[in-house]
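Computed from a predicted structure; not experimentally measured. Each ligand, and each atom within it, is numbered from 1 in the order the structure gives.
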Amino acid sequence: GGPASLSRFRGALVAAVLGDCVGGEFEGAEEVPMERVLQHLNSLDDETKGTGNLDYSDDTAMARCVVRSILAHAGYDERDMAHRFAKEYGESPDRGYGTGVVHVLKKLSSSHLSDVYQPARDQFNGRGSFGNGGAMRAAPFALAFPKLADVRRFARLGAMLTHSCSLGYNGAVLQALAVHLSLQGALDLPQQFISRLITEMEDVESDDMSRKDARILKEAEKPFCDRLHRVRDLMDRSKVSIEEVISELGNGIAALHSVPTAIFCVLHCLEPRECLPENYGGLERTIAYSLALGGDTDTIACMAGAIAGAHYGIEAIPQSWINCCEGAEDADVTAERLHALYHQSPQGG
Ligand code: F2R
Ligand code: MG
Ligand code: MG
């Protein structure tokens, strides 16, 4: 489809759920041979396995709250979104949440809270979380707001409900910007895609708080820009091993060690790769490659899935994969509603 077509919205939301559900199998594994990944993905074609047998985790649980809150208010409402996160956690606490964020979610359930951002600020002795929990649920902001400035603003605020460290919420901004650009067809020109992300993140990371956090955590002056430059260097290489990707970009639970990695997975899999089956299309390659990195596989595959899904569209996702994933059909339905909201808003920017 053309820029911001319904197929791209459906692809983004459904492939994010898919990445989470199929990635759950390997989350936390240090080494995941491609053979095991392909076995797992092949098993999704087995119709006897029933439908919706792979559960979604916190990634999708929280993204669903973001989607429902935005749709209910035709925009961002911090109290409503915070309330939905808390309610969802209360009803289904066993979705594999991060060990720190559960304290925030419990506090957010209080009706006496005057500032919904405060519990997040109290995390980690006041430093805030730099985990990827804000980024893993950031894609819907790109699907709700057509203007880039709104995507930046609301992805940041939505992440700050649980992640007050700039290395957490800036990761959410980067993920949302990647989905925003992909939705416009920007992955047709991969070099321009990465350059635009670097330009945006130069600005995002120029504020005092980002600079201060980077200094305290002994990271590069602009940590996400630094990683995106590494992504560009890896993209330019004809061959790159999984070990090099992990050592250059990471595969961990920190936003800094997973959002640029997810972006790389999408870029690397735009073309056929020797290690991946010839009959796989780009979206299948992206999901398989994300899982083969090991580490935080559900979240990296979820984020890569959203970016890739916005590029390839819903037609690129095998129906048998969709059938296996809890919440995939629901994501498909809500994508249509987000598409309508997006196209109601004034365009541009
Ligand atoms: N948590 C997981 N997976 C591991 C275990 C799953 C579960 N026990 C099970 O087996 O079912 N996955 C999910 O968590 C990630 C998103 O985490 P989020 O929302 O960012 O959580 P949190 O707690 O804020 O941060 C995660 C960890 O990062 C470290 N950390 C963060 N900020 C820190 C800081 N300022 N200083 C020191 N450490 C910091 C902590 O270890 C946090 O616990 C996704 O992968 C999702 O799938
Ligand atoms: Mg998870
Ligand atoms: Mg995870």
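- At a 3.5 angstrom cut-off on N or O pairs, Met136 does not count as close to ligand 1.
- Scanning all protein heavy atoms for the shortest distance to atom 15 (C) of ligand 1 gives Asn132 OD1, 3.3 Å.
- For Ile253, every heavy-atom contact with ligand 1 shorter than 4.0 Å involves the side chain, none the backbone.
- In terms of protein heavy atoms, atom 42 (C) of ligand 1 is closest to Phe124 CZ, 3.7 Å.
- Applying the 4.0 Å criterion to heavy atoms of Val101 picks out, from ligand 1, the atoms 19 (O), 21 (O), 22 (P), 23 (O), 24 (O).
- Within the 4.0 Å cut-off (strictly below), a protein heavy atom is located near atom 25 (O) of ligand 1.
- Sorted by first and then second residue, the pairs that involve residues 222-231 and meet salt bridge (Lys or Arg N to Asp or Glu O under 4.0 Å), not counting sequence neighbours, are Glu202-Lys222, Asp226-Arg230.
- The pair Asp330-Arg68 meets the salt-bridge criterion, with a side-chain N (NZ, NE, NH1 or NH2) lying under 4.0 Å from an Asp/Glu carboxylate O.
- Heavy-atom proximity to atom 43 (O) of ligand 1, evaluated over Thr60, Asn125, Ile300, Thr99, is greatest for Thr99.
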Go through it in stages, so that I can follow the logic: the residues are Arg211 and Glu221, the test is salt bridge (Lys or Arg N to Asp or Glu O under 4.0 Å), and I'd like the CA-CA distance, side-chain angles, deciding distance and then a yes or no. CA-CA 6 Å; Arg211 285 170 177 273; Glu221 200 182 336; 2.7 Å; yes
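- Each of the following atoms of ligand 1 lies closer than 4.0 Å to a heavy atom of Tyr97: 1 (N).
- The backbone N or O of Cys65 lies less than 3.5 Å from no partner atom in the side chain of Arg84, so there is not a single donor-acceptor pair.
- By the definition of a contact as any protein heavy atom under 4.0 Å away, atom 8 (N) of ligand 1 is not in contact.
- Applying the 4.0 Å criterion to heavy atoms of Asp298 picks out, from ligand 1, the atoms 47 (O).
- Near Arg127, the atoms of ligand 1 lying under 4.0 angstrom from a non-hydrogen atom of the residue are 36 (N).
- Considering CZ of Arg79 and NE2 of His83, their distance stands at 10.5 Å, rounded to 0.5 Å.
- For atom 11 (O) of ligand 1, the closest non-hydrogen atom of the protein is Gly96 CA, 3.5 Å.
- The proximity of Phe130 to ligand 1, defined as any non-hydrogen pair under 4.0 Å, involves the side chain as well as the backbone.
- Using a 4.0 Å cut-off between charged nitrogen and carboxylate oxygen, Asp58 and Arg95 do not count as a salt-bridge pair.
- Residue Arg95 places every heavy atom at 4.0 Å or more from ligand 1.
- Taking the side chain as every heavy atom from C-beta outward, Glu315 and Ser7 approach each other to under 4.5 Å.
- Put simply, OG1 on Thr261 and CG on Leu256 are 8.5 Å apart, with the number rounded to the nearest 0.5 Å.
- Near Asp59, meaning under 4.0 Å from one of its heavy atoms, ligand 1 places the atoms 46 (C), 47 (O).
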Would Arg36 and Gln39 satisfy side-chain hydrogen bond (donor to acceptor under 3.5 Å, both in side chains), going step by step from the backbone distance to the final call? CA-CA 5 Å; Arg36 269 192 69 202; Gln39 250 172 29; 5.8 Å; no
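- Atom 17 (O) of ligand 1 has its nearest heavy-atom neighbour, among Gly28, Gly98, Ser57, in Gly98.
- Here Asp58 has side-chain heavy atoms under 4.0 Å from ligand 1, and that is the only part of it that gets that close.
- Atoms of ligand 1 lying under 4.0 Å from at least one heavy atom of Asp296, given by number and element, are 44 (C), 45 (O).
- Checked for salt-bridge contact, Arg152 and Glu200 meet the test: a charged N lies under 4.0 Å from a carboxylate O.
- Contacts between Asp94 and ligand 1 below 4.0 angstrom, taking non-hydrogen atoms only, are absent altogether.
- Near Gly133, meaning under 4.0 Å from one of its heavy atoms, ligand 1 places the atoms 16 (C), 18 (P), 19 (O), 20 (O).
- The pair Glu248-Arg237 does not meet the salt-bridge criterion, since no charged nitrogen lies less than 4.0 angstrom from a carboxylate oxygen.
- Only the side chain of Thr299 comes within 4.0 Å of ligand 1, judged by heavy-atom distances.
- In this structure, Phe130 CZ and Leu217 CG are separated by 6.0 Å, a value rounded to the nearest 0.5 Å.
- Excluding waters, the set of protein N, O or S atoms lying under 2.8 Å from the Mg ion (ligand 3) comprises Glu27 OE2, Asp296 OD1, Asp298 OD1, Thr299 OG1.
- Among all non-hydrogen protein atoms, the one lying nearest atom 4 (C) of ligand 1 is Glu27 OE2, 4.3 Å.
- Of the inter-residue distances, the one linking Leu54 atom CG with His40 atom NE2 reads 5.5 Å to the nearest 0.5 angstrom.
- Lys87 and Glu91 are joined by a salt bridge, as a carboxylate oxygen and a charged side-chain nitrogen come within less than 4.0 angstrom of each other.
- When non-hydrogen atoms are compared, ligand 1 lies under 4.0 Å from neither the backbone nor the side chain of Gln123.
- Distance check: Phe264 CZ to Tyr289 OH gives 4.5 Å after rounding to the nearest 0.5 Å.
- No side-chain heavy atom of Glu25 sits under 4.5 Å from any side-chain heavy atom of Val32.
- Phe9 and His339 have perpendicular rings, their planes meeting at more than 60° on a 0 to 90° scale where under 30° would count as parallel.
- Remark: atom 36 (N) of ligand 1 lies closer than 4.0 Å to at least one protein heavy atom.
- In the candidate list Gly23, Ser129, Gly100, Ser129 is nearest to atom 31 (C) of ligand 1, counting heavy atoms.
- For the atom pair CG of Leu338 and CD1 of Ile70, the computed distance is 7.0 Å after rounding to the nearest 0.5 Å.
- In this structure, the protein non-hydrogen atom closest to atom 18 (P) of ligand 1 is His163 NE2, 3.5 Å.
- Using a 4.0 Å cutoff on heavy atoms, Gly168 does not count as a contact of ligand 1.
- The cluster map of Ile, Leu, Val, Met, Phe, Trp and Tyr, joined by side-chain heavy atoms under 4.5 Å apart, puts Leu161 and Val102 in the same cluster.
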